[in-house]
Amino acid sequence: RTAECCGYPISIFFIVVNEFCERFSYYGMRAVLVLYFRYFLLWDDDLATSIYHAFVALCYLTPILGAIIADSWLGKFKTIIYLSIVYAIGQVTMAVSTIHDITDANRDGTPDNFTFHTALSMLGLVLIALGTGGIKPCVAAFGGDQFQEHQSRQLNTFFSVFYLCINAGSLLSTLITPVLRAQECGIHTQQQCYPLAFGVPAALMVVSLVVFISGSGMYIKTDPEGNIMWSVCKCIGFAIKNRFRHRSSRYPKREHWMDWADEKYDKLLIAQIKMVLKVLFLYIPLPMFWTLFDQKGSRWTLQATTMTGDFVCTVNPILILTLVPIMDRLIFPLIQKCGLNFSPLKRMTVGMLFAAMAFVSAALVQIEIDKTLPNFPSSSESQLKVVNIYNRTLNVTISPNEHLLIDSFESSADYVTLDHQDISVSLNTNPVITKAFSLIKGERQTLIIPSDPTIMYMVSVHQANMVKNEFINSRKIVVAYSKVSTGDQRGKLMFRSSLSSECASIIEVEDMKPNSVHMALQIPQYFLITTGEVMFSVTGLQFSYSQAPKNMKSVLQAGWLCTNAVGNIIVLIVAELGKLPKQWAEYVLFASLLVAVSIVFSIMAYFYTYIDPAEIEAQIRKEQGLESEEKEKETLEMEEIDESQKNDQEVKQTKI
């Protein structure tokens, strides 16, 4: 017997706290990951999106490995411990990779060695994927192992609380980590605080590990029992090999290709695999839904950075918590009362269409954003703005044929777009000053002409908080360039002239106008995608489990996770190879693909015949003459339970 509190094993309180901390750690890190790629490592949108989805795909593939390790080798407890250590090391490594001061030798606020930060962050992400994926299939099952036969009601409550902890951790982390990132921190220069945004999730993962280990003496630890997935794979492999061996026409055909395994494997196992394969066949079109759904954390987050207001990514977990009970208790029963046959497969099809509508909504929002954005250079172009801090008006000539007339303490009206990388700049001073520069393709840069024009210099958008002191007849000029900031897409060049400590005048040159499209416009797309998630994801798992034997749940879970992984790989491929000129066009492309896939899925669903796995299993057992043996086994088990309960009563009476 295990120690109990209010009818629950005390050990499950450690597991619940562990799950909350782990989910906070994972979703908190993921909430700002694509922003870290974009604004710290300075990757473009496509590369940031690709690496983000490669990481998410890996997180969905590693649970299969974790389940096999737990069931066939280490057991659930040791698997959770070992992989949680890997997980915590990964989170700490990721947090360390975000400290810009480590390689910022010249203290200008920008890392000098991006290769170091990139390598460290990639190592951290691989370790995190192994950890979070490896423990995913083990924690809930390990919690279920803590309950005994007489605690079935408490077991159901535990899974409800467990699911609540997942959503609570997700909600709080997506609220908190963007706020932490918005703070400024640093040893030498103050930058957006990625170390804090990633450090808090890392600390929570360490707390999660410590809490789980603290309950070690109270857990019921079961030995590995073997993994059904391995048996299924061997049976399928034997059937294919046997069918290939007997491909000649002289061998009689069999009803199903899996029947070629009956020489070696039990008919019941073969029948169970047939039921699973029937469901897995329906999974083929499903990755397209996840292709759209998981872009909430990449494309939609990047879309939000070109808007004004607060992040609305927290809308998704809030809507999940509200829409699930509304759908289950109100919408679906109401549809049923109206006499409509809203079967699980029809729900999933409608869920796909809702996700497609979400991306149409995102495309409309993107069109509105594009109207307000400046004309950025393409990957083969460069853009240049010139700022004159010299004490008289200058005629600036940029090779080959750009001529600008700029007054003192003024800048060029707009950026000049150049399609060549190497330029020379000439000033109409006496004597004429000419200097050569090399521009960065695909970026905006600013040419500063200081009080001594011979030392004119170039400033990149990525050189944040760059400050230089210039002197004009004992008047000090402070030139500060502000980097484009997330959520407020504008940069400022500030010229502050002062006599000694008193500020005489300030001239600000606005690099880009502030964002004017509000993030509230994203709420409809989040509502649509969450509605689609409730109708597709929740219904899909319920349908899968109802159409396959209980002992095959792990196989279906593996198949379901694989659809997630493949969906993220599709995003990766489109982001790297698609290269559509406009982002709204990519949204429309994804929406169109999902509509096409939903039509295919609806046709497959139309021809699908619902089955009762328990009935099929009972029929096969009856054919094999095993039914009486099963009944006898059940009778013996009931007698053992009665004997155990009798002993428990005697123990209680002795204690009293």
Can a donor-acceptor pair be found, under 3.5 Å and without considering hydrogens, that links the side chain of Ser382 to the backbone of Ile440?
yes
Would you check if there is a donor-acceptor pair between the side chains of Thr305 and Tyr39 at a distance under 3.5 Å?
yes
Between atom CG of Leu521 and atom CD of Glu368, what is the distance when rounded to the nearest 0.5 Å?
7.5 Å
Under a plain distance cut-off of 3.5 Å, with no hydrogens placed, do Thr132 and Arg23 share a side-chain donor-acceptor pair?
yes
Sidechain-backbone polar pair: Thr563 side chain, Pro287 backbone, donor-acceptor under 3.5 Å
no
Counting C-beta onward and ignoring hydrogens, is there a side-chain heavy-atom pair between Phe527 and Leu319 closer than 4.5 Å?
yes
Can you tell me if Asp104 uses its side chain to pair, donor with acceptor, with the backbone of Arg107 under 3.5 Å?
yes
Below 6.0 angstrom between ring centroids: does that apply to Tyr587 and Trp584?
no
If you measure from the Lys or Arg side-chain nitrogens to the Asp or Glu carboxylate oxygens, is any gap between Lys441 and Asp419 under 4.0 Å?
no
Working note: Leu384 + Ile423, criterion side chain to side chain contact (heavy atoms under 4.5 Å, CB included); need CA distance, chi angles, decisive distance, verdict.
CA-CA 11 Å; Leu384 183 68; Ile423 62 168; 3.9 Å; yes
Kindly determine whether Gln303 and Gln583 satisfy side chain to side chain donor-acceptor pair (under 3.5 Å), including the steps that lead there.
CA-CA 9 Å; Gln303 184 186 62; Gln583 185 56 52; over 6 Å; no
Would you kindly say whether Thr189 and His100 are connected by a side-chain donor-acceptor distance under 3.5 Å?
yes
Polar side-chain atom of Tyr194 near backbone of Leu35 as donor-acceptor pair, under 3.5 Å:
yes
Smallest heavy-atom separation, Ile569 atom then Ala57 atom, equals CG1-CB, 4.0 Å
Picking from Ser173, Cys59, Pro201, what satisfies side chain to side chain contact (heavy atoms under 4.5 Å, CB included) with Tyr26?
Cys59
What's the spacing between Gln383 CD and Arg444 CZ if we round to 0.5 Å?
4.5 Å
Checking Asp101 side chain against Ile187 main chain: does a donor-acceptor pair fall under 3.5 Å?
yes
Atom of Ser411, atom of Val387 and distance for their closest heavy-atom approach
CB-CG2, 3.8 Å
To the nearest 0.5 Å, atom CD1 of Ile599 lies from atom CG of Leu594 at 10.0 Å
Taking Ile89's backbone N and O only, do any of them form a donor-acceptor pair with Thr93's side chain (distance below 3.5 Å, no angle check)?
yes
Do Glu586 and Gln366 come close enough that some side-chain heavy atom pair is under 4.5 Å?
no
Just how far is it from atom CG of Leu405 to atom CG of Asp407, taken to the nearest 0.5 Å?
6.5 Å
Among Phe590, Tyr526, Tyr52, the one residue meeting ring-ring contact (aromatic ring centres under 6.0 Å, His included) with Trp300
Tyr526
Using the rule given for side chain to side chain donor-acceptor pair (under 3.5 Å), can you reason through Thr49 versus Arg38, listing the C-alpha separation, both sets of side-chain angles and the distance that settles it, and then say yes or no?
CA-CA 9 Å; Thr49 299; Arg38 184 67 184 87; over 6 Å; no
My understanding is that only residues two or more places apart in sequence, or in another chain, count here; which of them pass side-chain hydrogen bond (donor to acceptor under 3.5 Å, both in side chains) with Thr454?
Asp452
Given the rule in the side chain to side chain contact (heavy atoms under 4.5 Å, CB included) test, do Phe359 and Gln295 qualify, once you have shown the distances and angles that lead to the verdict?
CA-CA 10 Å; Phe359 265 64; Gln295 289 189 63; 3.8 Å; yes
Do Val534 and Ile320 touch side chain to side chain, with heavy atoms closer than 4.5 Å?
yes
Ile529 vs Phe293, side chain to side chain contact (heavy atoms under 4.5 Å, CB included): CA-CA, chis, key distance, verdict:
CA-CA 7 Å; Ile529 200 79; Phe293 179 79; 3.8 Å; yes
Kindly assign one of parallel, tilted or perpendicular to the pair Tyr36 and Phe198, based on the angle between their ring planes and the thresholds 30° and 60°.
perpendicular
To the nearest 0.5 Å, what is the distance between CD1 (Ile166) and CD (Glu22)?
8.5 Å
So does Thr115 get a backbone contact from the side chain of Thr118, meaning a donor-acceptor N/O pair under 3.5 Å?
no
Are the side chains of Val425 and Leu447 in touch, meaning some heavy atoms are under 4.5 Å apart?
yes
Heavy atoms only: give me the nearest Pro450-Ile448 pair and the separation to one decimal.
CD-O, 3.3 Å
Do Thr429 and Tyr390 meet the criterion of a side-chain donor-acceptor pair at a distance under 3.5 Å?
no
Please examine the side chains of Phe55 and Ile128, heavy atoms only from C-beta on, and report whether any two atoms are closer than 4.5 Å.
yes
Any side-chain donor paired with an acceptor under 3.5 Å for Thr349 and Ser598?
no
Test Trp290 against Val56 for side chain to side chain contact (heavy atoms under 4.5 Å, CB included), laying out the working first.
CA-CA 11 Å; Trp290 301 114; Val56 175; over 6 Å; no
Taking atom CZ as the centre, does Phe437 end up with more than 12 heavy-atom neighbours from other residues, nucleotides or ligands that are less than 6.0 angstrom away?
yes
I'd like to know if the side chain of Thr177 reaches the main chain of Thr174, judged simply by a donor and an acceptor atom lying under 3.5 Å from each other, with no hydrogens or angles considered.
no
Do you know the tightest heavy-atom contact between His117 and Phe40?
ND1-CE2, 3.8 Å
Are Glu410 and Asn388 side-chain neighbours, meaning at least one heavy-atom pair lies under 4.5 Å?
no
Are Asn375 and Tyr415 side-chain neighbours, meaning at least one heavy-atom pair lies under 4.5 Å?
no
Could you check whether any side-chain N or O of Gln183 sits under 3.5 Å from a backbone N or O of Val179, counting only pairs where one atom can act as donor and the other as acceptor?
yes
Specify the closest pair of heavy atoms between Asp294 and His53, including all atoms of both residues, with the distance to one decimal.
O-CE1, 3.3 Å
Exercise: do Thr103 and Asp112 side chains pair donor with acceptor under 3.5 Å:
no
Among residues at least two apart in sequence or on other chains, which ones pass ring pair (Phe, Tyr, Trp, His ring centres under 6.0 Å) with Trp43?
Phe37
Ignoring hydrogens, what is the shortest heavy-atom contact between Ser25 and Met205? Give both atom names and the distance.
OG-CB, 3.5 Å
Out of curiosity, Leu33 CG to Met94 CE, how far, rounded to the nearest 0.5 Å?
5.5 Å
Exam field: side chain Gln421 to backbone Leu439, donor-acceptor pair closer than 3.5 Å
yes
